Each structure stands twice: as structure tokens, then as C-alpha cells.
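Model, not experiment: these values are computed from the prediction.
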Amino acid sequence: MMNYPVKSIAILVLIIACTLKAQAQDLPNILWITSEDNSALLGCYGDEFAKTPNLDKLASEGFLYTHAYANAPVCAPARNTIISGVYANSGGHSNMRSKYPRGRGVEFLAETMRELGYYRTNNNKTDYNTNVEKEIWDESSSEAHFKNAPEGKPWFAIFNTTISHESKIHDQLPLGELNYDPKKVPIAPYHPRTPDMERDWAQYYHRIEQMDAFVGERLQELEASGMADNTIVIYYADHGGVLARSKRYVYETGTHVPFIVRIPEKYKKFWPAEKPNSKVERLISFVDLYPTMLNLVGVQVPKRLQGTPFLGENLDSDPEYVYMFRDRMDEWYDMSRAVRSKKYRYIHNYMPHRIYGLPIEYLFRAKSLQSWKTSYENGECNEIQSVFWNTKPVEELYDTENDPWEVNNLAKDTKYADVLEEMRKANRDWLLEIRDTGFMPEDERSIRAENSPIYDYFQSGAVDIQKIIEAADLASLGKVENKQRLMDFLKSNESAVRYWGATGLLLLGKNGKSAISSLKTAINDPSVSVAVVAAEALYKLGEKEEAYKGFKRALGTDREFAQTQVMNAIYLIDDDSPIMKEEVQNVLNRMKSLDRNQYNYRAAMNLMNKWGLELDN
């Protein structure tokens with residue numbers, strides 16, 4: 001072993017330290033500015049009614065993405081996808097507000113950035129739909145700021161604003177405070193032009209203008225810091241919104257987001273176009289953000305990440321599709337998957353027996369939606385405006401270039417049969433590739449995964465996802481000619497296949513009468529989720545006493561999501577029998593000491609309100 005003089009060792013340490021500092025200084029700072037619940041209603045996106053000077057200026061200095069998408073049309077699953085680099089419907093986090101553990105090999109973006117030497121600051125939204133929140137950041141609070149980063153250390157900072165959040169239209173501002181005239185505001189063609197609808201649209205534009213001012217303030221802070229020339233700025237909204245049929249729905253209005261990137265001259269090699277003030281048509285979605293960040297700092301993208309980089313060097317060719325999902329929204333179960341190309345959007349509704357306008361308590365706080373429902377009930381809505389209050393088709397296909405509001409469903413138009421088939425296949429291939437966890441009922445998968453993260457359970461091969469998805473596809477069609485196969489599904493050794501068999505028979509309605517015996521057997525299925533669907537089907541076939549057995553079984557579990565599922569069914573079949581009222585009242589009485597933000601509580605209170613009952617003291 002060679003002996004070096006102490007002086008030489010000191011020089012070597014200094015050289016290494018200087019090299020590391022130089023490397024750190026060469027890494028870009030990265031600033032994300034995020035807004036909530038807003039579609040691309042910005043001047044730079046061609047909206048002439050909007051007043052968004054700060055974002056318009058940012059777009060003129062950077063690159064505006066015309067085809068950027070949230071993978072989920074609601075915040076928590078969308079944010080989970082961003083922070084994990086895994087689609088939330090693959091990771092087990094697609095249902096709104098859940099706290100399931102992440103997979104054992106799933107490292108969050110902020111943790112990876114820490115390993116790369118970044119100071120990480122978040123101001124201050126987390127809401128990652130899992131049991132990991134603030135601890136992954138150096139700072140995560142309303143005071144968090146990149147100015148607190150140690151000198152010479154690159155930083156990754158997020159500033160989030162709720163100014164444009166859905167809640168900001170729940171309380172209507174005085175007309176004199178609005179910067180927009182409700183009588184002149186443009187509204188969607190599927191919305192009736194009621195006074196409350198006009199007013200909420202005007203207030204939404206008002207909030208967008210306020211949000212734009214927030215973005216301007218953050219950009220001014222960056223300029224004042226002297227670090228703008230060393231900082232990549234990314235602005236985006238966490239999903240679309242916020243008037244009804246946008247947020248929570250896998251349409252353009254719920255998933256298409258504004259997305260602007262500004263890259264300093266120093267990092268010109270990362271420009272996605274020849275020069276700033278350019279539009280970029282590449283399809284991107286939130287699952288791509290994590291690998292993009294790694295690509296910008298020259299790190300190889302791990303195979304476990306499910307997206308692809310869209311900035312940096314050595315990019316793959318533009319993707320043909322991006323993908324979206326919708327599962328439980330607060331206290332209401334529903335399920336849709338969507339595929340978007342540059343021209344078309346395909347949607348598969350796996351619960352087409354549920355109406356679009358499910359009575360989600362938080363959604364219905366908007367006076368605009370209340371007025372829409374009233375207009376429909378009064379017979380004042382046209383055909384397009386009435387669709388929202390009816391059950392869904394199994395498949396939807398839209399030429400979004402020529403039908404930006406997506407009101408003309410082309411799924412049954414033979415001229416588009418090839419497009420439909422291609423996008424149907426793309427959807428199926430994606431679901432199989434990511435091993436979509438949403439095809440197993442939430443209560444059932446929670447039991448079966450036991451102490452293992454849901455992601456790990458599905459990725460382990462313990463679940464035959466192909467068999468389940470094939471059953472879901474067939475069941476959702478609701479075709480009489482498939483009745484025997486649906487009845488056979490009820491005998492499967494896979495509970496999720498039995499669930500879809502029961503769902504398919506439910507969709508048959510009166511045409512499923514010959515399956516009554518099989519459905520009665522399913523009331524005692526080992527899976528309560530199967531029993532609930534069988535009970536709903538039996539109720540609609542006139543077998544109410546048998547149905548009550550299945551409903552009571554689920555209500556007696558004291559499991560949040562089993563109870564939520566059954567109370568959805570009881571609400572929609574319009575049952576107001578004394579036996580069900582008593583059972584739901586008993587559930588609420590047992591829950592008094594529990595968190596009333598739980599979704600079984602909300603579902604129960606929806607029923608109590610519908611029945612005109614009050615909770616016992």
C-alpha cells in the first residue's frame with residue numbers, strides 16, 4: 001500500500017470536491033408551477049375570452065405542448081402517477097383518496113432527486129393517494145422555497161396553487177366582483193345556459209385569471225433570485241376542470257391540460273423544438289414526467305417506470321397513444337378506461353349501467369350542476385344536454401380534432417370501425433401490460449393482497465389479469481347471447497371473474513331472468529363484492545327478499561369499501577324499504593366514533609338525505 005503525504009491527500013480531496021461542485025452547478029434547477037382543476041382555457045391555447053398574460057408570456061419564451069394529458073381526471077390518482085412514475089391503476093392507487101402502501105420497489109421522484117444531489121422543496125400540496133406524503137421532501141409546507149437550498153446545490157421546487165380548484169366555484173362571488181360577464185361567457189354545448197351555469201363559468205374564468213397572476217409572482221421571484229438562467233420551468237395543471245363533465249371524467253375536458261416548458265439558452269440541447277415560442281405536438285402524459293426528469297439530468301431511466309421521456313437527449317419516437325383511467329370517485333364506484341391518439345379518443349365504460357351524473361356529494365356542491373339537473377328534470381335540456389343524466393354506452397369514440405367537446409359518439413359508425421378496433425386493442429394491450437389492478441373490486445383486492453402492497457400482489461403473477469379483463473370486456477357488452485358464458489363465470493375459481501359474471505348478468509336486466517338460480521347462489525359467494533352485484537341483479541328481477549340478504553351481508557361487514565359498494569346499489573335501485581333504512585341507520589350508529597370523511601359514511605348519508613331521514617343522536 002502506497003503512503004501519500006497528508007498535503008497530497010488534502011489536494012486530492014479538494015479536487016474531488018471541486019469536481020462534484022462543478023457537476024452540481026452544471027445540473028439545472030427545476031421549477032414546477034402547478035395549478036389545480038383547470039383545462040387549457042388560456043390565451044396561449046387560443047382562448048380569446050381568457051386573460052392570462054403571464055402564462056402567455058411564458059409560452060412565448062418556451063414551448064407549449066398541445067397534447068398533454070393527466071392520466072386520471074382527478075387529483076390524488078393523477079399525483080400518484082406523477083410521483084411514482086407508475087400508472088395509479090397499476091400501482092393499486094386509482095380509487096380516489098386511498099392510503100394503500102406503495103410497492104416495495106417503487107421509489108418516488110423526490111427520493112430519486114435526493115439521491116442525485118438535489119435539494120427538494122414542495123409548497124405544499126402532496127395528496128399522493130398513498131401513505132407517503134411530506135417525508136420525501138427536504139421542505140414541504142406553505143413556507144417551502146427554493147431560496148432555502150444550500151449554496152451551490154441544485155434544487156427541484158414545486159409551487160402549487162388551489163386558486164382554480166373546484167371549491168372556488170362553490171361559493172358564488174357577487175356579480176360586481178367578477179371580471180367576466182356571465183351573459184357573454186362561452187360555455188360547453190352540453191351545458192344548458194342557466195343563470196347559475198353562466199355565473200359559474202364566468203367565475204371559473206375569473207379564477208383562471210387569478211391563477212395566472214400567481215404564476216406571474218412565482219416567475220418574478222425566480223427572476224429576482226438571479227437563477228432564471230440556470231432553471232428549467234415547467235407549468236401544468238393537475239387535470240382538467242372544473243364545470244361538471246370535466247373533472248372526474250375521461251374526456252378531453254377532464255384530462256387535457258395546459259403544459260408549458262421554458263428552458264434557458266444554457267440548456268439549449270434539451271429544447272423540444274428549434275426555437276422558443278414553438279408548439280410541440282408530441283403526445284405526453286403525467287406518467288412521463290418522472291422519466292423525463294431523469295433524462296434531463298443524464299440518468300438512465302429504470303425499467304420499472306412506465307412512461308417515456310419527452311425532454312432531453314436520445315428521445316424515443318413520439319408515442320402513438322396516451323392512456324387514462326377512472327375508478328371510484330369519492331363515495332361512488334364507476335370504471336372507465338380511455339386511449340387518446342392525436343386525433344381520436346376511445347373510452348370503454350366497464351360499468352355502463354351507471355349514469356354519468358352520479359350524485360357525488362362534493363361534485364353537487366356546484367350550483368351550476370344543480371341547475372343542470374333541474375333543467376333536465378323539467379324537460380328543458382336538448383339531446384346533447386340530456387346525455388349526462390342517462391346510462392352510458394359501452395364504448396365511445398370521438399374525432400376530437402373536429403369535435404373538441406366530444407359530443408358526437410362515433411363508436412357505432414361503420415366508417416370508423418377500423419379506428420375503433422385499433423384503439424380497442426390499444427386499450428386491451430395497455431391494461432395487460434401494466435396489470436391493471438382496478439379490475440378487481442376494491443374490497444376484494446384489499447383482502448386478498450393481505451399485508452402485501454396491491455402493486456406487488458398483481459405484479460407477482462398471483463392474479464390472472466388476462467382472464468379477468470377478458471371477463472370484464474365480455475360482461476360490459478351486456479349481450480344476451482353471452483348469458484351462458486356469464487353464468488359460467490360465476491363458477492370460476494377467480495373471484496374477480498365471478499364479479500364480472502354477476503355484473504354482466506346485472507346488465508342484461510329482464511333478459512337475465514333465467515339466471516336467477518345462479519344469482520341466488522352468488523348471494524353466498526365467498527366474495528362480498530360478488531354478492532352485492534348479484535343482489536342488485538336479483539332486485540331488478542323482482543327477487544327483493546333474496547337481494548336484501550346480499551345487501552345486509554355487505555352492510556354487516558364494517559369494511560368501508562364493501563359498505564360503500566352496497567350503498568351505491570341501494571341508492572340507485574331506489575329502494576326505500578324499512579329493512580334497508582334500518583340497516584343503513586345501524587351502519588351509521590356503529591360509525592359514530594370513526595372518521596366521517598370515510599366514503600361509507602358519505603354513501604350512507606347520501607341515502608339518509610334521499611330518504612329524508614336524520615342520523616340518530
Would the distance check show the side chain of [X] and the main-chain N or O of [Y] forming a donor-acceptor pair, the cut-off being under 3.5 Å?
| X | Y | answer |
| --- | --- | --- |
| Arg207 | Lys168 | yes |
| Asp288 | Pro309 | no |
| Ser368 | Trp201 | no |
| Asp525 | Ala531 | no |
| Glu396 | Ala338 | no |
| Ser98 | His93 | no |
| Arg340 | Arg345 | no |
| Glu331 | Glu361 | yes |

Can you name the salt bridge (Lys or Arg N to Asp or Glu O under 4.0 Å) partners of [X], sequence neighbours left out?
| X | answer |
| --- | --- |
| Asp200 | none |
| Lys134 | none |
| Arg218 | Glu221 |

Query raised in the report: Ring centres of Tyr236 and Tyr65 under 6.0 Å apart?
Result: no
Query raised in the report: Looking only at heavy atoms, what is the nearest atom pair of Tyr204 and Ser164, with distance?
Result: CE1-O, 4.3 Å
Do [X] and [Y] touch side chain to side chain, with heavy atoms closer than 4.5 Å?
| X | Y | answer |
| --- | --- | --- |
| Asn89 | Trp430 | yes |
| Phe108 | Thr130 | yes |
| Leu42 | Tyr235 | yes |

Query raised in the report: Distance under 6.0 Å and angle within 45° of the ring axis: does Arg326 meet both against Tyr249?
Result: yes
Query raised in the report: Does NZ or CZ of Arg245 come closer than 6.0 Å to the centre of the six-membered ring of Tyr251, within 45° of the ring's axis?
Result: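 Yes - Arg245 lies over the ring of Tyr251, closer than 6.0 Å to its centre and within 45° of its axis.
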Over 60° means perpendicular and under 30° means parallel, so tell me whether [X] and [Y] are parallel, tilted or perpendicular.
| X | Y | result |
| --- | --- | --- |
| Tyr356 | Phe388 | parallel |
| Tyr333 | Phe561 | perpendicular |
| His67 | Tyr69 | tilted |

Report task. Please identify each residue that fulfils side chain to side chain contact (heavy atoms under 4.5 Å, CB included) with Ala471, with sequence neighbours left out. Result ->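 Partners of Ala471 under the side chain to side chain contact (heavy atoms under 4.5 Å, CB included) test: Phe489, Val497, Trp500.
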**Report entry** side chain to side chain contact (heavy atoms under 4.5 Å, CB included) involving Ala149 - partner list, sequence neighbours excluded
**Finding:** Tyr119, Trp155
Query raised in the report: Can you name the side-chain hydrogen bond (donor to acceptor under 3.5 Å, both in side chains) partners of Arg354, sequence neighbours left out?
Result: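 Checked Arg354 against side-chain hydrogen bond (donor to acceptor under 3.5 Å, both in side chains); matches are Glu536.
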**Report entry** Ionic contact status for Arg248 with Glu166, cut-off 4.0 Å
**Finding:** yes
